Chemist: 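First the structure, then my questions, so here it is.
None of these values were measured; they are calculated from a predicted model. Atom set for the values below is all heavy atoms of this structure, side chains included, hydrogens, waters and symmetry mates excluded.
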Amino acid sequence: AARRAAPLAVMKTGKFLKFTRPSGEVHAYLYLEDGLFKAAVYVPGRTGQAPEHTIDGPTEAKVEEALRAWVDSRYPRRS
């Protein structure tokens, strides 16, 4: 019997942002989904695959501004 291939996941395109901090790197992916801009924040080396934080909003600029403020507040540039 022939095996059916699993359905392909939808590939999201967007912007990858990398923040280098004294405590390590913080990665974020900013993308458009269903008419809403979203950002998902990941910290490499942490367990689990769920984002550490998510942000959404009506424009890419607003989401990126909120994302940068969130990263700066939780992961300061200087420790």
Chemist: Using links of under 4.5 Å between side-chain heavy atoms of ILVMFWY residues, direct or through other members, which residues join V63 in one cluster?
Modeler: L17, F19, V26, L30, L32, F37, V41, V43, I55, L67, W70, V71, Y75
Chemist: Hey, what else clusters with Y42 if you join Ile, Leu, Val, Met, Phe, Trp, Tyr whenever side-chain heavy atoms sit under 4.5 Å?
Modeler: none
Chemist: To the nearest 0.5 angstrom, please state how far the OH atom of Y31 sits from the CG atom of D56.
Modeler: 9.0 Å
Chemist: Once side chain to side chain contact (heavy atoms under 4.5 Å, CB included) is applied, do any residues pair with T59, and if so which ones, sequence neighbours excluded?
Modeler: A61, K62
Chemist: Check P76 against P22 and note the closest heavy-atom contact, atom names and distance.
Modeler: O-CD, 3.4 Å
Chemist: Suppose we screen for side-chain hydrogen bond (donor to acceptor under 3.5 Å, both in side chains). Which residues come up paired with R74, at least two apart in sequence or across chains?
Modeler: none
Chemist: For residues 34-44, which residue pairs pass the salt bridge (Lys or Arg N to Asp or Glu O under 4.0 Å) check, not counting sequence neighbours?
Modeler: E33-K38
Chemist: According to salt bridge (Lys or Arg N to Asp or Glu O under 4.0 Å), does anything in residues 39-48 pair up with another residue at least two apart or in another chain? List the pairs.
Modeler: R46-E52
